[in-house]
There are 2 protein chains.
Amino acid sequence: MSEQHIPLYQMVKRHILDLIQNGEWQEGKRLPSENELVQDLSVSRMTVNRALRDLASEGHVQRISGSGTFVAEKKAQSHPLEIRNIAEEVRSRGHLHGCEVIGLEDVRAPADIAMRFDIPRQSRLYHSIIVHFESSKPIQFEERYVLPEFAPEYINADFTAITTYQYMMEQDAFEEVEQIVQAGMPDERVRSYLQMDAGEPCLILLRRTWVGGRVVTTSQLQHPASIFQFSSRNRY
Amino acid sequence: MSEQHIPLYQMVKRHILDLIQNGEWQEGKRLPSENELVQDLSVSRMTVNRALRDLASEGHVQRISGSGTFVAEKKAQSHPLEIRNIAEEVRSRGHLHGCEVIGLEDVRAPADIAMRFDIPRQSRLYHSIIVHFESSKPIQFEERYVLPEFAPEYINADFTAITTYQYMMEQDAFEEVEQIVQAGMPDERVRSYLQMDAGEPCLILLRRTWVGGRVVTTSQLQHPASIFQFSSRNRY
DNA sequence: AAGTGGTCTAGACCACATC
DNA sequence: ATGTGGTCTAGACCACTTG
C-alpha cells in the first residue's frame, strides 16, 4: 500500500481538531500552551507553532500573544454567489450534517408565491420544508416551492438521503439564478425550529432559479444570525 | 518616532510582492530559490520559507516541490457582491443621496481592529463614521478605518462632497477584497442614527481591502433590514 | 548528480499578558 | 516575575524534479 509519510505538524493539527470537534475542548477553552504541547506530543516547538498558526488561519482557534490559544467561536460560513450544497458545506468543516423533513406536499400556490413563479394563483406546486443541522445544531430553515412539471417525482423523494439541491441539480442544469440576501426576524415557528433566542435575527437568502425561461423553483433559506454568515474573498 | 519592529518574514514578503507588482517579475516567472534568497537577503532559510509559504497561501505565487517557485497567474473572478458606490446606487434609483459626517479623526487602533489590519495595537489609524441617506431617509451607517500611510490626507477630505469609496479608489486600485455579510441587531447609537424601530435587525457588510499585500481599509456597513437587501442575478 | 521545496529540531531573544 | 505566543537561526534529512 501507499503508506504515505504524513507531516508531523499535520498530525498535531488533526489531533487538536479532533479534540475540538469531539467537544472535549469547548468553545472559548484555552488550549495547552506551546510548551505543554511540546512535552505532551514530543515534537519541537516550531512544529507545534506551525500547527497552531495553521489552525488559527483556518479559523479554528484564536491566538492572543502573551495570553494563550483559545478554541474559536464557530460561525458557519457560506459563499453568497455560489450555489452550494448545505450538506457538503457542513461536511467540509468537518461536522456532521443532519436534516429533518418538516413537510413535503402538494399545494395550491398562494398569491405571493404565484407571483414569484409568474404563474396563475392556485396552480399546483410542490412545497417542502426542511431543517438542516450542523452537528445537531440547527443552522438552516429551508422552505422551497417546485414546479411539478420540472420535477414530477419531487414529492416522493427522500430528502434525508439527498438534499433538495442535489435533487434539483439532477433534473436539469440551471440557466439563471436570482439571489437576494436580507436580514429579518424569524416568525415564531421558524424561531422554534432553529432554537433561537427571542430577539435574534435571521440571515435570509431568497433564490429563484430559471430553466427554459420559466421559474422552476424558489427557496427561502433562513439562518440564525449568531452562527451564520456569508463570506467571500476575491482578487481583482 | 514610532519605529515599529516589523518581522523579517514580512519584509521578505513585501520585497517579493513589490517586485511582482512592479512587473519586474512577470506571471509564470520562476523566483530565485530559497537558498538564493537566503544569500541575497541575509536571512535564514526558515524565514524565507515562511515568507514564500505565506505568499503561496495568499495566491501570489505557486510552489512546486522539486521544481521551484513561480509567480502565479491572475485569474478573473466574477464578483460575488459588487463593490458599489452607495451614492451612485441611490442616484441610479432616481433618488437623492445625502450624507452626514458623524466623526472623522485620528485614533489608536483598538485590539480587534488592529487584528483585522494585522498591525500592532495602538498603531495610528484614521477613523470615520458617516451616515448615508436616500431621499432624506437613512439607509447606511458606515464606520471605516484607514491606514494613514495609504491615504495620508483622508483625515482632511470632505466626505459630503465625495464618498469614502470614491476617495479610496483614487488612491490606488484594490487588489483583494474580503466581504462578510451578517445579520445583527444594531446598538442603540446606530439604531438612533438610522431611525430604526426597536427590534428591527440590520443587514451588515464587513469589508477588508488589500493593496500591496497589506490591509489598507476596513469598513462596517449597517443597513436597516426593512429597506435594504443585496441582490444579484446571473446566467449560468 | 545536483537542485528544489517540505519538514523538523534545539535553542534563542523578544514583547506582551497576567498575576 | 512568570508564562505566553511571535519570531529567528543554523543545521539537518527527505522526496521529488531536472538535466
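Predicted model only: the values in this text are computed from it and were never measured.
Rounding to whole angstrom units, CZ of residue B:R53 and C1' of D:dG6 are separated by 14 Å. In this structure, CG of A:L31 is placed 19 Å from P of D:dG3, rounded to the nearest angstrom. Atoms CG (A:D54) and P (D:dG6) sit 13 Å apart, rounded to a whole Å. Between the CG atom of A:N35 and the P atom of D:dG5 there is a distance of 8 Å, rounded to whole Å. Following rounding to the nearest Å, B:Q62 (CD) and D:dT17 (P) show an atom-to-atom distance of 14 Å. Rounded to whole angstrom, the span from the CG atom of A:L37 across to the P atom of C:dT9 amounts to 13 Å. Distance A:Y9 OH to C:dT9 P: 13 Å, rounded to the nearest Å. Rounded to whole Å, atom C1' of D:dT7 lies 14 Å from atom CE of B:M11.
The environment of CZ in A:R14 is sparse: at most 12 heavy-atom neighbours from other residues, nucleotides or ligands sit within 6.0 Å.
The side chain of B:E36 lies closest to C:dT4 when the candidates are C:dT4, C:dG6, D:dT4. Candidate nucleotides C:dG6, C:dT7, D:dT18 were compared by shortest atom distance to the side chain of B:S67, and D:dT18 ranks first. The side chain of B:R50 approaches D:dT7 more closely than any other nucleotide in the set D:dT9, C:dG6, D:dT7. Out of D:dT4, C:dC16, D:dT9, the shortest distance to the side chain of A:S33 is found at D:dT4. With distances taken from any side-chain atom of A:V43 to the nucleotides D:dG6, D:dT17, C:dT9, the minimum falls on C:dT9.
In terms of position along DNA chain D, the nucleotide closest to A:G68 lies nearer the 5' end than the nucleotide closest to the other residue of the pair A:G68 and A:M46.
Using N1 to N3 plus N6-O4 or O6-N4 for Watson-Crick, or N1-O2 and O6-N3 for G-U wobble, each under 3.5 Å, C:dA17 pairs with nothing.
Between A:S65 and the phosphate of C:dA17, there is no side-chain N or O to OP1/OP2 separation shorter than 4.0 Å. For C:dA17, one of the phosphate oxygens OP1 or OP2 lies less than 4.0 angstrom from a side-chain nitrogen or oxygen of B:R121.
Within 4.0 Å of A:R45, counting heavy atoms only, lies at least one base atom of the nucleic acid. Across all strands shown, B:I64 has heavy atoms under 4.0 Å from sugar-phosphate atoms exclusively, and none from any base.
Annotation: the span from A:Q10 atom CD to A:L17 atom CG amounts to 11.0 Å, rounded to 0.5 Å.
When ring centroids are compared, B:Y145 and B:Y154 stay outside the 6.0 Å threshold.
Distance alone, capped at 3.5 Å, places no donor-acceptor pair between the B:Q222 side chain and the B:P186 backbone. Between the side chain of A:E200 and the backbone N or O of A:S226, at least one donor-acceptor pair lies under 3.5 Å.
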